[in-house]
2 protein chains.
Amino acid sequence: MNSDKLNNKKTNTEEAIMEASEALFLEKGYLLATTTEIARRAGVTHAMLHYYYRTKEQIFFKVLDKNLHELFQSVRAGMSSEEVSFWENLKGGVMLLLEFLDQHRQLVGLLYDVARHSPELLERYQESTLNLLSGLAGHHKVLLDQEVRSGRCNPITFEQLFWDIVTMSFSTYMFLPLMNRVAKMDDLEVDRMLKRRYDEIITVLHYRLYGKHESSN
Amino acid sequence: MNSDKLNNKKTNTEEAIMEASEALFLEKGYLLATTTEIARRAGVTHAMLHYYYRTKEQIFFKVLDKNLHELFQSVRAGMSSEEVSFWENLKGGVMLLLEFLDQHRQLVGLLYDVARHSPELLERYQESTLNLLSGLAGHHKVLLDQEVRSGRCNPITFEQLFWDIVTMSFSTYMFLPLMNRVAKMDDLEVDRMLKRRYDEIITVLHYRLYGKHESSN
DNA sequence: GCATGAATTAACAGTATTGTTAAACAAGTC
DNA sequence: GACTTGTTTAACAATACTGTTAATTCATGC
């Protein structure tokens, strides 16, 4: 059995590498993040990175596995089967998504980078992603169609509602770096901006579906 | 005066480099596009690239200058002062933007890459961008506020309407590579999808402002 | 033809990248 | 104290990238 000291030493280096990797991948994407800089930030020689994780790709998968697992959990949690109205159900899901994105502000940017520049790295998630999406569709599509056919909400397809949500939610967080760097907003201003977008996204969706503000029931 | 042959030769190489550069920058962004590959695609040695354009940065500026100039033109054209309703005015601007993006499907991705990974390259456009945006705000903000105060449309700030438009429009084209590669849609399916998104974005905006479908005047 | 000047090539410098490896080190076990 | 095991370092290989430069080609004007 390993001694505490040995164990701690190993754990420290290994975890330092993992934390630096996650931070750098989230910042720079896959291709632009270098093992050299990861090692520099973790305070170890770059050979250690290969000793513990073999290749850059392996460590990237560890980072992405963790983050995507959390995202998937969050999306699944949004498919509650509580006995509430369609809107309450949908709103709950969107709010969970927005709260997840708020806690993982750099993740969408990373996913975009990878999908754009190294799509082969996402193949290992394709099956589970398709499963999740078809689960999502199965859960909400029927309910939406009922809501539309019964005349309780305006006509819209599941596909378009899905993209309304995705484009508004995801791209808000993709544009975050621009808020900081280009528009030179400080963190507090960014937070306030995000809160306003959060409310507006919900508001837009309710107007789209029901033609009026949520509060004016 | 240069002979035709000399002129042609020069023009051919120079233009071949420029075309290959634009294509590769649009595909890979600034940092991941290499002068080596630009030269390879243009069918010339990579020294020629430096001979005609000195540095990678210089050629990138040439590409971006051209594209941003076109974008700015398009946005300015969207600020028509025709004597039409606020909605017709706004809708015209959004349609022009969407049509521009449709003709420059990779530009948003490039801008995102640069803003994220090489923001210093955008400094030279900061002043003109701010001018454009303040012109845009000056043009529409007052009209929107009138529309809201008069009760002709639902309450909304210019800022939120702006972001509703930007996030839905831009990110639709940012997600295009995913449609092709991840969702494995062919070009025809992508075109049909874009058309549906085009209509839906206009529809969403009209619901957001007026609480009903555009056609149900 | 030949001199001129632009266009082109091939080779090089300098730097950075990922990954490997042999040797050194540390610490506990027998 | 010698042995074993896991950890760390420094040096190296192989490749790629940006940019420069000296030498060469080439069309053209004289």
Side-chain angles (χ1 to χ4, degrees), chain A residues 1-25 27-64 113-114 117-118 120-121, chain B residues 1-64 110 113-114 117-118 120-121:
Chain A
M1 178 184 168
N2 286 333
S3 77
D4 282 354
K5 270 184 188 167
L6 191 58
N7 214 2
N8 277 344
K9 206 172 201 176
K10 178 184 167 174
T11 302
N12 284 341
T13 299
E14 201 174 349
E15 281 190 358
I17 292 172
M18 178 54 69
E19 282 166 26
S21 297
E22 180 164 22
L24 198 64
F25 281 132
E27 217 173 279
K28 300 205 169 183
Y30 179 73
L31 290 173
L32 290 176
T34 66
T35 55
T36 308
E37 191 176 354
I38 290 173
R40 205 174 47 69
R41 287 210 201 175
V44 301
T45 64
H46 89 276
M48 296 314 296
L49 198 143
H50 296 288
Y51 174 73
Y52 281 109
Y53 297 97
R54 198 85 191 148
T55 67
K56 180 183 175 182
E57 196 179 275
Q58 290 303 312
I59 191 170
F60 177 72
F61 282 146
K62 278 241 157 110
V63 170
L64 205 53
D113 262 329
V114 180
H117 300 298
S118 323
E120 71 280 2
L121 295 179
Chain B
M1 179 184 168
N2 286 332
S3 77
D4 283 352
K5 272 185 186 166
L6 190 58
N7 215 2
N8 278 344
K9 203 171 201 177
K10 178 184 168 173
T11 301
N12 283 343
T13 300
E14 201 173 350
E15 281 190 357
I17 292 172
M18 180 51 71
E19 282 165 25
S21 297
E22 180 163 22
L24 198 65
F25 281 132
L26 285 171
E27 218 174 276
K28 300 203 169 185
Y30 178 73
L31 291 173
L32 290 176
T34 66
T35 55
T36 310
E37 191 176 352
I38 289 174
R40 205 176 47 70
R41 288 210 199 175
V44 301
T45 63
H46 88 275
M48 295 313 297
L49 199 142
H50 297 289
Y51 175 73
Y52 282 109
Y53 298 96
R54 199 88 192 142
T55 65
K56 180 183 175 181
E57 196 180 275
Q58 291 303 312
I59 192 170
F60 177 72
F61 282 146
K62 280 240 157 107
V63 169
L64 205 53
L110 173 57
D113 262 329
V114 180
H117 299 300
S118 323
E120 69 282 3
L121 295 179

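Numbered from 1 within each chain, the chains take letters A, B, ... in sequence-line order. Note: hydrogens, waters and symmetry copies are ignored here, and every other heavy atom, side chains too, is used.
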For Ile38(A) and dT17(C), give me the distance from atom CD1 to atom P, rounded to whole Å.
-> 11 Å
Are OP1 or OP2 of dT18(C) and a side-chain N or O of Thr36(A) less than 4.0 angstrom apart?
-> yes
NE2 of His46(B) versus P of dC12(C): gap in Å, rounded?
-> 14 Å
What class does the angle between the rings of Phe25(B) and Tyr30(B) fall in, given that below 30° is parallel, 30 to 60° is tilted and above 60° is perpendicular?
-> parallel
When rounded to whole Å, the CD to P distance for the pair Glu14(B) and dA7(C) reads 8 Å
Atom of Ala20(A), atom of Ile38(A) and distance for their closest heavy-atom approach = CB-O, 3.6 Å
Report the distance from atom NE2 of His50(B) to atom C1' of dC12(C), rounded to the nearest whole Å.
-> 13 Å
Describe the nucleic acid contact of Ala33(B) in one word from base, sugar-phosphate, nothing, applying a heavy-atom distance below 4.0 Å.
-> sugar-phosphate
Do Lys56(A)'s NZ or CZ and the ring of Phe61(A) fall within the cation-pi criteria of under 6.0 Å and 45°?
-> no
Let me know the distance between CG of Leu32(A) and C1' of dT18(C), rounded to the nearest Å.
-> 15 Å
Rounded to whole Å, the OH-C1' distance (Tyr53(B) to dT20(D)) equals 19 Å
Ranking dT18(D), dT21(C), dA7(C) by distance to the side chain of Met48(B), first place goes to dA7(C)
Could you pick out which residue, Ala47(A) or Glu37(A), lies toward the 5' side of DNA chain C when each is mapped onto its nearest nucleotide?
-> Glu37(A)
Taking all heavy atoms of His46(B) and all of Thr35(B), pick out the closest pair and write down the distance.
-> CB-O, 4.3 Å
Closest listed nucleotide, where the reference is the side chain of Lys56(A) and the choices are dT20(C), dG19(C), dT18(D) | dG19(C)
Is the shortest side-chain N/O distance from Thr34(A) to OP1 or OP2 of dT17(C) below 4.0 Å?
-> yes
Side-chain N or O of Tyr52(A) closer than 4.0 Å to phosphate OP1/OP2 of dG6(D) = no
In terms of side-chain heavy atoms of Tyr51(B), which of dG19(C), dT8(C), dT18(D) is nearest?
-> dT8(C)
Arg54(B) atom CZ is separated from dT18(D) atom P, nearest whole Å, by 16 Å
Is there side-chain contact between Glu22(B) and Leu26(B), with at least one heavy-atom pair below 4.5 Å?
-> yes
Between C1' of dT18(D) and CZ of Arg40(B), the distance in whole Å = 17 Å
Output yes when at least one side-chain N/O atom of Thr45(A) is less than 4.0 Å from OP1 or OP2 of dT8(D), else no.
-> no
Phosphate oxygens OP1/OP2 of dT8(C): is one of them under 4.0 Å from a side-chain N or O of Thr13(B)?
-> yes
